[in-house]
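Input: a single structure, listed below in structure tokens.
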Amino acid sequence: MSTQGYEEELRSEQDYVAGLYRRLDRERERAKERYTAALKRNDERPGERDVEVRALTRETRRLSVADSGLCFGRLDPLEGEHFYLGRIGLFDEDDEYKPVLLDWRAPAASAFYTATAATPEGMRRRRQFHSRGRQLTSFTDEVLGRPASGEQNDALLAAVNAPRGEGMRDIVATIQAEQDRIIRLDHPGVLVIEGGPGTGKTVVALHRVAYLLYTQRERMERHGVLVLGPNPSFLNHIGRVLPSLGESDVVFTTPGGLLPGLRAHVEDEPEVARFKGSLRMLDVLGAAVADRQELPKEPILIELRDTTVRIDAATAEWARDEARQSGRPHNEARAVFVEIVTYVLTERAMSRIGRGWLTRDDKEEWEDLRSTLVSELLADPAFAKAIDRLWPVLTPESLLTTLYSSPARLNAAGASQALRREPGAPWTVSDVPLLDELIDLLGKAPDRAKQREEAAEREAEAEYAAGVLDIMRLDREEMDEDIGLSAEHLLYDTDLAERFVEHDTRDLAERAAADRDWTYRHVVVDEAQELSEMDWRVLMRRCPSRSFTVVGDLAQRRSAAGASDWGTMLDPYVPGRWAYRSLTVNYRTPAEIMAVAATVLAEFAPGTEPPESVRACGVRPWSRKVAEDELPAAVEEFVREEAGREGTSVVIGPPDVPGAVPASATKGLEYDAVLLVDPDWILADGPRGAAELYVALTRATQRLGVLHRGPLPAVLNGLEERG
């Protein structure tokens with residue numbers, strides 16, 4: 001194409017894209033008008049109004065995220081008209097079935113990502129747009145249908161070479177064929193995506209979620225999606241991807257945040273984390289609950305008005321057995337325990353009180369006496385104290401605190417003494433699945449104060465409603481004569497009271513994040529190799545349909561309780577029903593850096609193939625030995641140099657290095673430049689130190705430097721030494 005022809009074509013494409021933005025603006029304005037009207041509407045079905053408001057909120061958000069890169073490409077078939085692709089779909093104003101912009105997730109858009117020169121899939125040309133805001137700056141064409149050697153994807157290379165920003169970007173314009181096949185994979189269950197550093201497994205998983213929400217909207221939108229990441233920094237990094245694709249019904253959290261109201265960040269020591277994360281904890285927790293269901297060593301005396309009764313071990317044991325066999329959780333089974341103990345004590349008391357004057361034939365007197373004794377027992381402080389001692393109401397927090405602080409209770413539950421700690425210590429990430437498990441084991445504790453408060457509120461609402469009806473109510477006979485209404489059409493005070501209840505206007509993500517019993521339609525698990533067996537139990541409870549996208553790399557596992565193979569974690573829940581896919585191309589790490597990282601990988605995971613880098617950057621990674629007093633200046637020099645460049649940078653190293661972060665804090669993240677200080681310090685961090693070093697080396701997209709105060713580990717001899 002000549003320069004003049006290119007410029008004319010660019011103007012033509014800009015005109016079309018400008019028309020798409022005008023269409024978008026009109027759609028957005030209409031959605032806002034409908035949203036405002038729905039908020040102002042005061043009808044008799046506020047619940048339906050709230051549903052409409054939430055739907056319009058989602059639609060407004062969907063339309064609001066498309067300003068940047070609304071249209072990113074065009075496909076020209078061998079036959080028929082070309083069509084444009086974008087991050088959302090738009091339709092002709094005069095024909096609601098005619099797309100003017102095809103959503104990237106639509107089946108017809110697949111060829112944009114999978115067609116090649118050798119396999120054009122019925123296409124003759126792929127055009128990719130480059131834009132700044134709403135302005136089209138350029139486009140590149142790729143002619144399909146003729147095989148070419150050494151084929152390069154200019155748009156992909158431009159994207160991977162571009163400086164990194166504050167967060168992960170979507171790859172909607174540059175999805176590669178192997179990624180697209182995974183994104184669109186028709187598998188309803190658990191899909192495991194494994195790939196080495198830089199293979200794009202996280203962003204592929206997020207685009208898969210967007211694809212599922214697009215293709216299964218009706219099935220998924222009422223329950224939403226949970227995305228689990230390793231730490232808050234990682235969630236901040238990936239948090240823009242799904243909203244940029246028009247999806248907002250998503251909850252982002254970490255393993256330490258799976259329980260509403262709790263945000264655990266503290267990590268246990270490896271031995272403790274391994275024990276807490278294993279399924280052995282199920283027996284420990286069950287035994288810990290049973291240990292609190294006590295039998296009295298000596299009979300407990302309860303003095304009633306006319307006699308004294310006692311709770312002995314035999315009575316408590318019978319009541320305990322019946323309560324356990326009820327199958328109810330501990331707190332709910334307490335009612336059975338109380339019922340049996342009450343029955344035994346009242347029978348004994350009745351026999352004593354009624355001896356000589358009351359027989360079993362005197363049924364009415366007998367039942368009156370029983371009722372009196374039951375009421376007296378239940379109101380007796382000594383009886384309540386005895387029940388609380390033998391079968392206490394427990395919360396997950398109180399039970400676990402007592403267990404951890406008592407060597408005797410740890411022994412009784414079959415737990416390691418390594419779990420012992422003082423009351424008041426912060427909950428750890430490994431505690432979260434245990435607390436979650438205990439919610440089901442214990443059941444809901446009766447909140448008598450709350451029950452009384454709710455009952456009083458209902459009574460007050462009904463009284464107010466009754467007053468309103470007194471004003472509104474007409475004489476029934478006159479109403480029947482005048483308008484033909486019968487009594488069954490009357491609105492009663494309890495009905496009217498229901499109308500005064502406030503309706504929940506929070507969006508789906510807010511409601512889901514606050515509700516422990518919420519179940520999601522799909523769950524994304526990133527860095528899944530770090531999750532323990534107990535973590536997986538929590539996640540499976542959150543998604544009964546077992547619809548998961550699991551992302552990880554076993555070679556990068558750090559946690560002592562994590563996965564050594566996927567089957568161990570998944571087969572107990574979806575035996576033989578999970579699919580595995582791998583990503584083999586490294587889009588992040590240049591070949592020069594990956595060569596160094598591959599040496600480390602071979603050291604701790606022999607036989608594991610490193611991903612193949614898609615590019616070289618032309619800059620060799622380097623190392624430099626510094627004295628103790630030289631280190632601060634060397635770090636400052638790196639920071640100063642990178643501050644003058646576009647992009648992001650990080651210093652990874654031990655706590656005594658100013659501004660440094662540990663390698664674990666950078667997991668899943670990427671930076672244009674990385675300075676690694678004292679790699680021997682990372683290697684010394686237990687058996688998984690080499691995996692940590694591998695993670696640290698593969699965070700850089702352009703430049704990698706290493707400073708070392710001690711000897712450089714032999715595994716890094718491939719670095720260029722600087723003086």
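Quick note: residue numbers are just sequence positions, from 1.
In this structure, Val524 and Val550 have side chains that are not in contact, with every pair of non-hydrogen atoms separated by 4.5 Å or more. With contacts defined as side-chain heavy-atom distances shorter than 4.5 Å, the pair Val551/Glu527 does not qualify. Leu442 has its side chain within reach of Pro396: a pair of non-hydrogen atoms, C-beta onward, lies under 4.5 Å apart. Residues Tyr520 and Leu539 fail the side-chain proximity criterion, which asks for heavy atoms closer than 4.5 Å. With contacts defined as side-chain heavy-atom distances shorter than 4.5 Å, the pair Phe383/Thr342 qualifies. Two residues are said to be in side-chain contact when any heavy atoms from C-beta on lie closer than 4.5 Å; Leu394 and Leu438 fail this criterion. In this structure, Leu531 and Val525 have side chains that are in contact, with non-hydrogen atoms separated by less than 4.5 Å. Within the 4.5 Å cutoff, the side chain of Val432 has no heavy atoms near those of the Trp427 side chain.
The two residues Pro572 and Gly567 come nearest to each other via the heavy atoms CD-O, 3.9 Å. Considering every non-hydrogen atom in both Val284 and Ala415, the closest pair reads CG1-CB, 3.8 Å. Heavy atoms only, all atoms of each residue included: Arg521 and Cys543 are closest at O-SG, 3.9 Å. Shortest non-hydrogen contact noted between Glu271 and Ala418 is OE2-CB, 3.8 Å. The two residues Leu434 and Leu285 come nearest to each other via the heavy atoms O-CD1, 4.0 Å. Taking each heavy atom of Ala561 and Ala273 in turn, the nearest pair found is CB-O, 3.5 Å.
Within the structure, every pair that satisfies the side-chain hydrogen bond (donor to acceptor under 3.5 Å, both in side chains) test and touches residues 563-578, not counting sequence neighbours, is listed here: Glu194-Trp566, Asp565-Thr568, Asp571-Trp578. Residue pairs satisfying the ring-ring contact (aromatic ring centres under 6.0 Å, His included) criterion with at least one member in residues 306-332, sequence neighbours excluded, are listed as follows: His330-Trp391. Residue pairs that meet the salt bridge (Lys or Arg N to Asp or Glu O under 4.0 Å) test with at least one member in residues 399-409, sequence neighbours left out, are Asp291-Arg409, Glu294-Arg409. Applying the salt bridge (Lys or Arg N to Asp or Glu O under 4.0 Å) definition to pairs two or more places apart or across chains, those involving residues 380-396 are Arg334-Asp388.
Side-chain atoms of Glu530 come within 3.5 Å of backbone N or O of Ser559 as a donor-acceptor pair. Judged by distance alone, the side chain of Asn331 and the main-chain N or O of Val393 form no donor-acceptor pair under 3.5 Å. The closest donor-acceptor contact from the side chain of Ser406 to the backbone of Leu403 lies at 3.5 Å or more, if one exists at all. With hydrogens and angles disregarded, a donor-acceptor distance shorter than 3.5 Å links the side chain of Arg217 to the backbone of Leu213. A distance-only check finds no donor-acceptor pair linking the side chain of Arg370 to the backbone of Thr372 [under 3.5 Å]. A donor-acceptor pair under 3.5 Å is formed between the side chain of His223 and the backbone N or O of Thr519.
There is a side-chain donor-acceptor pair under 3.5 Å between Gln417 and Asn411. Asp312 and Thr315 share a side-chain donor-acceptor pair at under 3.5 Å.
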Query - Verdict with supporting geometry, Val227 and Ile238, side-chain contact (heavy atoms from CB on, under 4.5 Å) - result: CA-CA 10 Å; Val227 175; Ile238 69 171; 4.0 Å; yes
Query raised in the report: Hey, mind stepping through Thr253 and Leu228 against side-chain contact (heavy atoms from CB on, under 4.5 Å) and telling me if it holds?
Result: CA-CA 5 Å; Thr253 193; Leu228 189 76; 3.8 Å; yes
Report task. Mind running side-chain contact (heavy atoms from CB on, under 4.5 Å) on Lys444 and Ile439 for me, showing each step along the way? Result -> CA-CA 7 Å; Lys444 294 182 178 180; Ile439 290 175; over 6 Å; no
**Report entry** Criterion side-chain contact (heavy atoms from CB on, under 4.5 Å) on Met540 and Phe548, from CA distance to verdict
**Finding:** CA-CA 9 Å; Met540 292 296 170; Phe548 282 76; 3.8 Å; yes
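Enclosure of atom CZ in Arg348 by more than 12 non-hydrogen atoms of other residues, nucleotides or ligands within 6.0 angstrom is indicated. Other residues, nucleotides and ligands contribute more than 12 heavy atoms inside 6.0 Å of the CD atom of Gln216. Residue-environment remark: CZ (Arg558) stays at or below the threshold of 12 foreign heavy atoms within 6.0 Å. Within a 6.0 Å sphere centred on CZ of Arg219, other residues, nucleotides and ligands contribute more than 12 heavy atoms.
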Between side-chain atoms of residues 300-311 and protein atoms elsewhere (two or more places apart, or another chain), which donor-acceptor pairs fall under 3.5 Å?
none

Using distance only, find each side-chain donor-acceptor pair of residues 256-270 under 3.5 Å and give its atom names and separation, not counting sequence neighbours.
unit_1: Arg263; atom_1: NH1; unit_2: Gly257; atom_2: O; d: 3.4
unit_1: Asp268; atom_1: OD2; unit_2: Lys276; atom_2: NZ; d: 3.1
unit_1: Asp268; atom_1: OD2; unit_2: Thr428; atom_2: OG1; d: 2.7

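Distance OH/Tyr343 to CD/Glu322: 11.5 Å, rounded to 0.5 Å. Distance check, rounded to the nearest 0.5 Å: CG of Leu191 to OG1 of Thr549 gives 5.5 Å. A distance of 6.0 Å separates CG of Leu419 from CZ of Phe275, quoted to the nearest 0.5 Å. Here Leu377 contributes atom CG and Ile387 contributes atom CD1; the two are 9.0 Å apart, rounded to the nearest 0.5 Å. Separating the CG atom in Leu345 from the CD atom in Glu376 is a distance of 11.5 Å, to the nearest 0.5 Å. For the atom pair Met220 CE and Leu212 CG, the distance stands at 5.0 Å (nearest 0.5 Å).
Among residues two or more places apart in sequence or in another chain, the side-chain hydrogen bond (donor to acceptor under 3.5 Å, both in side chains) test is passed with Thr395 by Ser398. For Ser532, the side-chain hydrogen bond (donor to acceptor under 3.5 Å, both in side chains) criterion is met by Asp535, not counting sequence neighbours. The side-chain hydrogen bond (donor to acceptor under 3.5 Å, both in side chains) check on Asp283 picks up nothing, with sequence neighbours excluded. Every residue meeting the side-chain hydrogen bond (donor to acceptor under 3.5 Å, both in side chains) condition with Asp436, not counting sequence neighbours, appears here in chain and number order: Arg516, Arg541, Arg542. When the salt bridge (charged side-chain N to carboxylate O under 4.0 Å, His left out) test is applied to Arg420, the partners found at least two apart in sequence or on another chain are Glu422. For Ala210, the side-chain contact (heavy atoms from CB on, under 4.5 Å) partners are Trp104, Arg105, Leu242, Leu245, Glu247, not counting sequence neighbours.
A salt bridge links Asp431 with Arg421: the closest approach of a Lys/Arg side-chain nitrogen to an acidic carboxylate oxygen falls below 4.0 angstrom.
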